[in-house]
Colleague: 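The structure under discussion is supplied below as structure tokens; questions concerning it will follow.
Just so it is clear: chains get the letters A, B, ... in the order the sequence lines come, proteins before strands, and each one is counted from 1.
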Amino acid sequence: MVNDQQHDLTEEFEEKEELHELLAVRREKLQALLDSGIDPFGEKFERTHTAKEILEHFEELEEQNATISGRLMSMRTHGKASFADLMDHSGRIQLYFRVNTLGEKNYELLQKIDIGDIVGITGRIFRTRRGEISVEVLELKILSKSLRPLPEKWHGLKDVDLRYRQRYVDLIVNPNVREVFETRSKIIQIMRNFLADRGYIEVETPMLHTIAGGATARPFTTHHNALDMDLYLRIAPELYLKRLLVGGFDRVFEMGKMFRNEGISTKHNPEFTMCELYMAYGDASDMMKITEDIYAHIANELFGTTKITFQGQEIDLAPPWPRKPLLDAIKEYSGIDLKGLNDAQARQIAKEKNIEVEENASYANVVDEFFDAFVEPKLVQPIFIVDHPVEVSPLAKRKKDDPLLTDRFEPFIVTWEVANGFTELNDPIDQKGRFSDQVAQREKGDDEAHMMDDDYITALEYGMPPAGGLGLGIDRMVMLFTDSPSIRDVLLFPHMRPRS
RNA sequence: GAGCCAUUAGCUCAGUCGGUAGAGCACCGGACUUUUAAUCCGGGUGUCCCGCGUUCGAGUCGCGGAUGGCUCACCA
């Protein structure tokens with residue numbers, strides 16, 4: 001094994017002149033290790049403790065031996081003694097090397113070690129004169145030689161472009177980044193437990209769709225070679241999950257990636273994570289309850305309180321959140337009552353208020369524009385906006401007392417729409433009509449309008465129980481709980497253009 | 001897609017009026033057996049994002065392009 005590596009290295013060394021000095025130096029040390037019969041890329045290594053365990057249980061562990069492993073993050077050499085910081089997943093701890101305890105030969109090995117190398121050590125736990133809990137190294141093993149220098153030790157890696165493209169480096173040198181993703185993992189775990197505790201079953205439905213349904217969005221297309229057919233990456237799992245309600249599942253949820261072929265911004269990534277859940281024999285009010293309960297529960301689990309701070313603003317997630325009809329909200333914030341207008345009247349009012357809408361904008365389009373302009377920027381504390389027009393809610397059930405509105409809601413926090421839910425439309429005849437309207441929109445050139453899904457209609461014809469449904473944007477939820485202003489801060493590998 | 005801004009050493013950043021580039025960390029050599037942003041002595045390691053232009057001369061000025069950030073648009 002060692003011989004094979006040696007062979008490869010000598011070949012590589014012939015091109016060595018082209019390597020930057022910093023890289024060449026490390027390759028030379030690597031070669032020196034190989035020459036002295038040391039495998040620079042180690043093997044399985046069993047530790048007895050983590051850095052954090054030693055720091056937290058020092059009283060009991062003092063003067064005992066521990067075996068730990070991790071990456072060397074800094075080195076302070078003092079001739080015949082040296083200090084280093086070892087970082088593992090739990091934290092950092094100081095190592096102390098001394099020629100007396102290690103022996104001349106082993107101490108010399110330090111010459112071939114660099115910041116960034118991954119090592120395993122066994123040593124004695126003690127406290128230095130200055131009071132720092134440390135491990136005096138008795139045995140040292142190189143587990144992986146690092147061939148590239150790490151970014152600077154106290155400014156870290158700041159270049160945003162590099163941080164995203166080389167997230168692995170970002171994670172090594174910026175500990176707060178790891179914390180964000182640990183919190184992300186916790187949030188998802190809490191959600192799964194929360195839903196499981198309430199009888200929701202986690203399911204997986206296709207990501208490759210022949211019809212991109214369940215949301216108003218442009219899909220990505222892909223191609224299946226063997227079947228020679230184009231497929232869409234899913235924009236939502238909704239229509240599959242509701243087929244499961246038809247099939248007799250009472251409560252289901254799916255958490256996973258959605259793909260939308262749209263712009264990229266601080267709040268949008270082409271692939272993002274959503275959790276959709278459906279409750280048979282329930283309705284929108286149940287879904288609003290579960291939304292506010294989930295948010296409050298996560299806040300309590302993470303911070304022990306429902307009060308959180310986002311970018312300096314205090315947000316109180318304690319339920320119940322207010323419910324406000326969309327048209328009432330518009331009236332309240334803009335002073336304009338759009339209730340009961342037709343398309344032309346709505347466009348006229350938009351013109352008067354300098355709200356730009358398209359030539360043939362519908363009443364619903366105008367409502368949307370007014371909402372975005374006057375209402376959305378004001379919705380900082382959690383609130384449910386309810387009762388959306390039927391034209392923009394093709395899968396939601398109409399309100400009993402107003403068939404032009406639907407029993408739908410969208411919760412807003414810090415001006416972001418963080419979820420979307422409604423009482424599900426289970427009338428196949430109405431649903432078919434709604435799809436037909438969407439198809440007509442499509443033919444007029446709206447490539448975000450829904451497509452006809454005949455099989456879904458067939459499913460509804462077998463009978464779907466009345467139900468409430470909800471889609472929670474997980475990325476935005478994580479942004480809120482980690483105080484991250486950009487979605488890229490909560491995605492390990494946000495989408496980037498390739499570098500030429 | 002549009003506007004504004006950024007891009008200089010491995011990293012974080014300076015760079016004046018247009019005159020052939022500089023600091024700290026890292027790295028290399030030396031000293032140092034409890035340091036911790038270790039210290040002390042010595043060493044600058046570069047496609048100034050790319051291309052074209054203006055100029056005797058461009059990191060610096062102009063035009064075009066690339067990538068990124070922010071804002072807007074699009075979009076839930």
Side-chain angles (χ1 to χ4, degrees), chain A residues 19-26 28-29 73-85 92-102 107 111 114-116 126-136 146-166 169-170 172-174 214-219 235-236 258 260-270 272 274 356 358 368-369 371-372 376 385 388 392-393 408 410-412 415-421 446-448 471-473 475-476 485-489 494-500:
Chain A
L19 286 178
H20 187 276
E21 182 207 333
L22 292 174
L23 302 183
V25 162
R26 290 186 177 228
E28 282 160 16
K29 290 179 180 176
M73 297 304 291
S74 66
M75 188 92 80
R76 296 173 291 282
T77 60
H78 296 254
K80 295 193 164 61
S82 299
F83 294 88
D85 289 321
R92 285 186 185 216
I93 191 161
Q94 178 168 269
L95 303 183
Y96 178 47
F97 301 87
R98 221 158 67 114
V99 69
N100 299 28
T101 37
L102 219 45
Y107 192 79
Q111 301 292 318
D114 288 297
I115 291 171
F126 76 111
R127 200 190 277 274
T128 64
R129 228 175 258 165
R130 297 292 182 91
E132 178 152 352
I133 295 166
S134 307
V135 181
E136 182 178 3
S146 169
L147 298 178
R148 288 175 183 272
L150 287 176
E152 203 221 9
K153 63 179 161 191
W154 65 78
H155 293 102
L157 185 65
K158 284 192 171 167
D159 187 307
V160 184
D161 190 29
L162 276 183
R163 284 187 46 220
Y164 297 148
R165 287 181 198 278
Q166 295 189 284
V169 180
D170 190 29
I172 292 170
V173 299
N174 295 326
T216 308
R218 239 181 305 254
I235 54 175
M258 307 301 144
R260 296 188 185 175
N261 207 339
E262 292 159 359
I264 297 175
S265 78
T266 48
K267 285 179 235 26
H268 300 85
N269 196 63
F272 63 99
M274 191 157 72
E356 276 186 46
E358 285 179 30
D368 239 21
E369 292 298 327
F371 182 78
D372 289 350
E376 204 177 52
I385 297 297
H388 298 64
V392 293
S393 315
R408 178 178 173 192
E410 289 180 321
F412 285 80
T415 75
W416 306 336
E417 179 207 339
V418 294
N420 179 24
D446 180 357
D447 54 2
E448 282 151 23
L472 291 156
D475 306 291
R476 288 182 187 178
S486 167
I487 196 169
R488 298 183 194 98
D489 296 329
H495 190 265
M496 303 286 274
R497 279 177 215 250
R499 219 159 199 192
S500 51

Colleague: Among residues at least two apart in sequence or on other chains, which ones pass side chain to side chain contact (heavy atoms under 4.5 Å, CB included) with Arg76(A)?
Modeller: Ser74(A), His78(A), Phe83(A), Asp85(A), Gln94(A)
Colleague: Polar atoms only, N or O, under 3.5 Å: list the protein pairs with nucleotides 26-29 of chain B and their distances.
Modeller:
from: rA26(B); atom 1: OP1; to: Lys153(A); atom 2: NZ; distance (Å): 3.0
from: rC28(B); atom 1: OP1; to: Lys29(A); atom 2: NZ; distance (Å): 2.7

Colleague: Please classify the nucleic acid contact of Tyr164(A) as base, sugar-phosphate, or nothing, using heavy-atom distances under 4.0 Å.
Modeller: sugar-phosphate
Colleague: Ignoring backbone atoms, establish whether Arg130(A) has a side-chain N or O less than 4.0 Å from OP1 or OP2 of rU35(B).
Modeller: yes
Colleague: Partner lookup for rA21(B), please. Criteria are Watson-Crick or G-U wobble with both distances under 3.5 angstrom; report none if nothing qualifies.
Modeller: none
Colleague: Could you tell me which residues satisfy ring pair (Phe, Tyr, Trp, His ring centres under 6.0 Å) with Phe272(A), sequence neighbours excluded, listed by chain and number?
Modeller: none
Colleague: Could you tell me the Watson-Crick or G-U partner of rC48(B), where both distances fall under 3.5 Å? Say none if there is no partner.
Modeller: none
Colleague: Look at Arg488(A) and rG69(B) and indicate whether a side-chain polar atom (N or O) is within less than 4.0 Å of OP1 or OP2.
Modeller: yes
Colleague: Could you tell me which residues satisfy side chain to side chain donor-acceptor pair (under 3.5 Å) with Gln166(A), sequence neighbours excluded, listed by chain and number?
Modeller: Tyr168(A)
Colleague: Please, which pairs that meet salt bridge (Lys or Arg N to Asp or Glu O under 4.0 Å) have at least one residue in residues 148-158 of chain A, sequence neighbours excluded?
Modeller: none
Colleague: Heavy atoms from C-beta onward define the side chain here; which of rG69(B), rU35(B), rU33(B) lies closest to that of Ser134(A)?
Modeller: rU35(B)
Colleague: Using the 3.5 Å cut-off, write out each protein N or O paired with an N or O of nucleotides 71-75 of chain B and the distance between them.
Modeller:
from: rC75(B); atom 1: O3'; to: Glu262(A); atom 2: OE2; distance (Å): 3.2
from: rC75(B); atom 1: O2'; to: Glu262(A); atom 2: OE1; distance (Å): 2.2
from: rC75(B); atom 1: O2'; to: Glu262(A); atom 2: OE2; distance (Å): 2.8
from: rC75(B); atom 1: O2; to: His268(A); atom 2: NE2; distance (Å): 2.4

Colleague: Is any side-chain N or O of Gln94(A) under 3.5 Å from a base N or O of rU35(B), one able to act as donor and the other as acceptor?
Modeller: yes
Colleague: Asp475(A): which residues meet the salt bridge (charged side-chain N to carboxylate O under 4.0 Å, His left out) condition with it, sequence neighbours left out?
Modeller: Arg184(A)
Colleague: Under 3.5 Å between N/O atoms: give me all the protein pairs with nucleotides 3-5 of chain B, atom names plus distance.
Modeller:
none

Colleague: Taking side chain to side chain contact (heavy atoms under 4.5 Å, CB included) as the definition, give me every residue that meets it alongside Val160(A), ordered by chain and number, with sequence neighbours left out.
Modeller: Tyr164(A)
Colleague: Is there a donor and acceptor pair, one atom on the side chain of Asp161(A) and one on the base of rU67(B), closer than 3.5 Å?
Modeller: no
Colleague: Quick one: is rG68(B) close enough that its OP1 or OP2 comes under 4.0 Å of any side-chain N or O from Arg497(A)?
Modeller: yes
Colleague: Could you tell me which residues satisfy side chain to side chain contact (heavy atoms under 4.5 Å, CB included) with Ser146(A), sequence neighbours excluded, listed by chain and number?
Modeller: Arg26(A), Asp117(A)
Colleague: Who passes side chain to side chain contact (heavy atoms under 4.5 Å, CB included) against Glu410(A), sequence neighbours left out?
Modeller: His388(A), Arg408(A), Phe412(A), Glu417(A), Asn420(A)
Colleague: Sequence neighbours left out, what passes side chain to side chain donor-acceptor pair (under 3.5 Å) with Thr101(A)? Give chain and number order.
Modeller: Glu136(A)
